[in-house]
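Quick notes on the structure that follows.
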Amino acid sequence: MNIQEVLAQQVKAAVSSLYQIELPTVEFQPTRKEFEGDITVVVFPMLRFVKGNPVEIGTQIGTYLQEQVQEVAGFNVVKGFLNVVINDQFYLDFFHSILDEKDFGYVKDISSDAVMVEYSSPNTNKPLHLGHIRNNLLGYSVSEILKASGKTVYKTQIINDRGIHICKSMLAWQKFGEGETPESSGLKGDHLVGKYYVAFDKAYKSQIQELVNGGVDKEQAAKEAPILMEAQAMLRKWESGDEATVALWKTMNGWVYRGFDATYKNLGVDFDKLYYESDTYLLGRDVVKEGLERGVFFRKEDGSVWIDLSDEGLDEKIVLRSDGTAVYMTQDIGTAIQRVTDFPDIKGLVYTVGNEQDYHFRVLFLILQKLGYDWAQQLYHLSYGMVDLPSGKMKSREGTVVDADDLIQNMEETAEEISKELGKLDGYSEEEKKKLYRTIGLGALKYYILKVDPKKRILFNPEESVDFQGNTGPFIQYTYARIQSILRKANFDTGALGKDVTLHPKEKELLKQIQLFPETIQLAAENHSPALIANYTYDLVKEFNSFYQQVSILGEPDESKKQFRVQLSKKVGEVIQSAFRLLGIDVPERM
RNA sequence: GGUCGCGUAGCUCAGCUGGAUAGAGCAUCUGCCUUCUAAGCAGACGGUCGAAGGUUCGAAUCCUUCCGCGAUCACCA
């Protein structure tokens with residue numbers, strides 16, 4: 001039981017004993033640094049039940065607590081704030097209780113109810129960029145956080161492997177590629193295919209211009225450009241199963257998948273189950289037809305099928321085209337149902353998709369509810385803000401993107417430069433160094449993105465790049481490395497570990513912060529927010545560095561105290577590692 | 001135009017279900033490496049929390065209106 005739960009009961013008991021009144025709740029907050037105390041009881045809300053002067057009431061409750069509760073060592077009252085001092089023993093007991101616990105803070109008995117987290121879900125016509133990185137990091141991290149909070153989690157993605165966008169790359173490759181392959185060009189598969197996506201756009205634009213110069217109206221030119229019409233024809237051939245087209249599609253998608261795999265591996269993300277749109281794009285149609293019979297949907301005169309959501313404050317939305325083919329929404333209905341069929345233990349789905357699709361997911365969830373699926377109550381759109389550049393939105397076809405692979409490589413190179421300047425890596429082999437640069441570079445990038453509230457849009461300035469000092473990944477990794485350095489030099493003697501040492505204020509602060517880890521994980525899981533983990537870790541690390549600076553660990557003459565500090569440092573290291581694992585960030589032994 | 005989101009220090013961000021004098025980092029300026037890693041620590045400077053009303057003992061936080069930025073409202077995905 002943490003101190004807040006203990007005190008809540010005791011405060012209620014105090015009020016009951018002093019005033020014969022039952023309080024429904026007690027409000028707490030951490031005591032501000034400028035006052036003495038560890039936890040603060042806010043008296044104001046009690047005034048609704050207990051009439052009187054807040055300072056007097058606070059003092060009376062404080063006196064009661066000090067007399068009756070062994071953990072309470074003292075108190076003071078400022079205005080309506082009762083600051084309670086908790087004795088060292090409480091924190092020491094807490095520390096001993098978690099000393100040997102592995103993965104402290106993680107929930108160990110995993111619920112049989114599962115959650116499926118979808119993330120990444122790229123189109124297969126171009127390489128991944130910074131926007132995808134945010135998506136991947138968020139999805140992966142939220143998955144890990146949900147696991148640590150006690151859920152079974154399946155990570156998945158839906159690969160958008162069909163459609164006009166892919167035909168554009170295919171067509172451009174046919175026209176301008178001269179048989180180029182990843183092997184012949186030395187290009188990564190996704191980059192090669194992306195190159196032809198850009199090539200298509202260039203040709204398309206110049207054809208439009210030609211038409212316009214020839215006197216054609218601009219809008220019409222955009223529809224009639226020959227290369228676009230060719231692409232549309234190619235899509236029709238693909239849908240009719242034309243062998244040559246399908247073969248080319250398979251070949252080029254294969255290149256892209258190998259490229260994606262490399263990037264995913266680089267980023268350190270993975271998936272338990274993949275879904276391909278080409279496999280599932282027909283599935284939703286049956287459901288829609290069935291829903292039509294049950295009156296969930298209605299048919300318009302031209303044969304198209306719709307749902308009326310005006311009762312929910314939304315509009316009518318199409319779910320099937322007049323020619324009977326599936327739209328985006330149809331596929332998503334089918335995919336959701338397919339997933340629950342494949343994994344019957346799923347009680348919820350988390351969709352990691354940008355906030356430009358907020359409306360789409362509101363509609364999707366409503367439709368699934370109206371179709372009567374009980375799990376539809378548990379759907380969550382993890383909506384995140386776009387990553388924009390100072391020049392504006394990233395657009396693959398115009399080449400204005402920060403490429404994922406390039407960015408990762410840049411980060412590693414920056415880490416290498418800084419490491420070399422600092423020159424602390426004597427004795428490391430080239431291989432070890434390389435691995436370390438990766439750890440640090442990726443750590444900087446991942447932390448930079450994950451520490452921001454997912455809802456907020458990120459403005460990424462490549463010129464200024466990502467910091468390595470202050471509230472950053474490397475700062476936290478550095479602290480971890482420092483701790484490991486101490487542990488390498490320390491002799492462990494748990495027998496000498498004192499159970500009744502007097503705590504230094506910094507030690508107490510550290511223990512308080514460690515104690516917050518389990519609830520922080522729960523909070524992060526409820527809010528689907530890795531940012532809460534990042535900020536927690538930062539606070540812990542700041543606290544440790546301050547401790548490290550003020551208090552000598554290995555130089556402490558009292559063996560009992562020294563052992564305590566060594567063990568405390570070790571625990572802080574473990575929590576840093578556990579927390580960073582939730583963010584998908586590695587920690588180094590040295591740096 | 002309707003709907004949704006965002007607006008906190010020069011910049012990037014915290015601020016939990018309303019609570020004490022709104023916190024960090026970067027940048028600028030001071031100190032601290034003969035002692036456990038200075039990617040660090042300690043400090044200074046920097047704020048009409050977009051604006052105005054309202055609710056409350058108490059508002060950055062809740063409500064209303066307005067302003068700014070973004071997204072979205074397709075038989076595209």
Side-chain angles (χ1 to χ4, degrees), chain A residues 25 27 29-35 40 42-45 47-48 54 78-81 83 121 123 160 162-165 277 300 302-306 313-315 317-329 331-332 354-360 362-363 383 385-386 388 393 415 418-419 421-422 424 440 444 448 451-453 455-459 461 464 466-479 481-490 519-520 523 527 531-532 534-535 538-539 541-542 545-556 565-566 569 590-591:
Chain A
T25 55
E27 202 173 303
Q29 56 181 299
T31 303
R32 295 182 67 108
K33 289 244 157 55
E34 57 267 37
F35 301 103
T40 296
V42 188
V43 180
F44 294 110
L47 297 178
R48 285 177 54 210
V78 182
K79 296 192 222 172
F81 299 94
N83 302 319
S121 304
N123 291 341
N160 303 304
R162 61 168 283 277
I164 189 78
H165 46 282
E277 191 185 318
K300 288 197 175 177
D302 61 4
S304 54
V305 179
W306 296 70
L314 304 178
D315 297 325
K317 187 85 188 174
I318 189 163
V319 291
L320 218 52
R321 290 195 190 97
S322 52
D323 63 4
T325 55
V327 291
Y328 181 35
M329 188 64 73
Q331 298 159 22
D332 270 358
N355 63 9
E356 56 196 354
Q357 306 217 28
D358 285 356
Y359 185 76
H360 173 79
R362 277 180 71 191
V363 172
S383 164
M386 298 287 99
D388 292 329
K393 211 175 158 153
I418 295 175
S419 292
E421 256 171 54
L422 294 172
K424 297 182 189 175
I440 299 172
Y448 173 83
K451 77 170 179 188
V452 181
D453 183 333
K455 280 200 301 282
K456 293 198 175 176
R457 104 181 226 265
I458 292 181
L459 198 70
N461 189 342
E464 294 171 9
V466 179
D467 272 330
F468 283 69
Q469 276 164 5
N471 187 359
T472 65
F475 167 67
I476 292 166
Q477 290 172 321
Y478 173 69
T479 305
R482 261 178 161 184
I483 292 173
Q484 301 319 305
S485 168
I486 288 175
L487 297 181
R488 278 193 295 272
K489 291 174 185 165
E519 56 195 86
T520 303
L523 203 61
N527 292 298
L532 296 178
N535 288 317
Y538 177 62
D539 288 340
V541 161
K542 258 188 89 70
N545 280 324
S546 179
F547 163 73
Y548 179 92
Q549 192 73 22
Q550 282 194 29
V551 180
S552 178
I553 299 167
L554 297 177
E556 168 60 44
R565 285 176 189 166
V566 168
S569 302
R590 284 176 59 180
M591 68 185 273

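Below, chain A is the first sequence line, B the second, and so on; all start at residue 1. Everything numeric in this text was worked out from a predicted model, so none of it was measured.
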To the nearest angstrom, how far is [X] atom [atom1] from [N] atom [atom2]?
X: A/Lys79; N: B/G19; atom1: NZ; atom2: C1'; answer: 10 Å
X: A/Glu34; N: B/G23; atom1: CD; atom2: C1'; answer: 11 Å
X: A/Leu532; N: B/C13; atom1: CG; atom2: P; answer: 16 Å
X: A/Gln469; N: B/U37; atom1: CD; atom2: C1'; answer: 14 Å
X: A/Lys317; N: B/U72; atom1: NZ; atom2: C1'; answer: 9 Å
X: A/Tyr478; N: B/C36; atom1: OH; atom2: P; answer: 11 Å
X: A/Asn545; N: B/G43; atom1: CG; atom2: C1'; answer: 17 Å
X: A/Asp388; N: B/U12; atom1: CG; atom2: P; answer: 13 Å

With rounding to the closest Å, how many angstrom separate the [atom1] atoms on [N] and [M]?
N: B/U37; M: B/C13; atom1: P; result: 34 Å
N: B/A24; M: B/G46; atom1: C1'; result: 13 Å
N: B/A60; M: B/G7; atom1: C1'; result: 11 Å
N: B/U72; M: B/U30; atom1: P; result: 48 Å
N: B/C41; M: B/C36; atom1: C1'; result: 14 Å
N: B/A74; M: B/C67; atom1: P; result: 25 Å
N: B/G15; M: B/C73; atom1: C1'; result: 34 Å
N: B/U17; M: B/G40; atom1: C1'; result: 36 Å

Classify [X] by what it touches in the nucleic acid, base, sugar-phosphate, or nothing, heavy-atom distance under 4.0 Å.
X: A/Thr40; answer: base
X: A/Asn83; answer: base
X: A/Pro45; answer: base
X: A/Ser569; answer: nothing
X: A/Phe468; answer: base
X: A/Met591; answer: base
X: A/Tyr538; answer: sugar-phosphate
X: A/Gln477; answer: nothing
X: A/Ala481; answer: base
X: A/Leu422; answer: base
X: A/Asp453; answer: sugar-phosphate
X: A/Val551; answer: base

Side-chain N or O of [X] versus OP1/OP2 of [N]: is the shortest distance under 4.0 Å?
X: A/Arg457; N: B/G70; answer: no
X: A/Ser552; N: B/U35; answer: no
X: A/Arg482; N: B/A38; answer: yes
X: A/Lys542; N: B/G25; answer: yes
X: A/Arg162; N: B/A77; answer: no

Contact between A/Thr40 and A/Arg32 at the side-chain level, heavy atoms closer than 4.5 Å - yes or no?
no
Minimum side-chain heavy-atom gap A/Val541-A/Tyr478 below 4.5 Å
no
For B/C33, does the O4'-C1'-N9-C4 or O4'-C1'-N1-C2 angle fall within 90° of 0, making it syn, or is it anti?
syn
Shortest side-chain distance from [X], nucleotide among [options]:
X: A/Lys456; options: B/A38, B/C76, B/A14; result: B/A14
X: A/Lys455; options: B/G5, B/A77, B/A20; result: B/G5
X: A/Ile553; options: B/C4, B/G19, B/C36; result: B/C36
X: A/Arg362; options: B/U3, B/G19, B/A14; result: B/U3
X: A/Leu459; options: B/U12, B/A14, B/G40; result: B/U12
X: A/Arg321; options: B/A14, B/C36, B/C76; result: B/C76
X: A/Val42; options: B/G19, B/C41, B/C36; result: B/G19
X: A/Glu356; options: B/C36, B/A71, B/G23; result: B/A71

Using the rule for Phe, Tyr, His and the six-membered ring of Trp, do A/Phe44 and B/G58 stack at under 5.5 Å and under 30°?
no
Between B/A27 and A/Asp467, counting only base atoms on the nucleotide and side-chain atoms on the residue, is there a donor-acceptor pair under 3.5 Å?
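Side chain to base: no pair below 3.5 Å.
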Does any N or O donor sit under 3.5 Å from an N or O acceptor when you compare the side chain of A/Ser546 with the base of B/A42?
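Not at all, since no donor on one side and acceptor on the other fall under 3.5 Å apart.
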Go nucleotide by nucleotide along RNA chain B from the 5' end; which of A/Arg488 and A/Trp306 gets its closest nucleotide reached first?
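Checking each residue's closest nucleotide, the 5'-ward one belongs to A/Arg488.
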Mapping A/Arg590 and A/Val541 onto RNA chain B by nearest heavy atom, which one lands closer to the 5' end?
A/Arg590
Map every base of RNA chain B to its dot-bracket character, where paired means a Watson-Crick or G-U wobble contact with both distances under 3.5 Å and | marks a partner outside the strand.
(((((((..((((.....[...)))).(((((.......))))).....(((((..]....))))))))))))....
Flag for A/Asn545-A/Arg482: side-chain donor and acceptor within less than 3.5 Å
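Yes, side-chain donor-acceptor contact under 3.5 Å.
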Assess, by modelled atom type and distance only, whether the side chains of A/Asp467 and A/Thr472 contain a donor and an acceptor separated by less than 3.5 Å.
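Note: A/Asp467 and A/Thr472 side chains miss the donor-acceptor criterion.
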Kindly check if the number of other-residue, nucleotide or ligand heavy atoms within 6.0 Å of CZ (A/Arg48) is above 12?
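No, the 6.0 Å shell around CZ holds no more than 12 heavy atoms from other groups.
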Give a yes or no on this: more than 12 heavy atoms of other residues, nucleotides or ligands lie within 6.0 Å of atom NZ of A/Lys455.
no
According to the interplanar angle, ranging from 0 to 90°, do the rings of A/Phe44 and A/Phe81 count as parallel (below 30°), tilted (30 to 60°) or perpendicular (above 60°)?
perpendicular
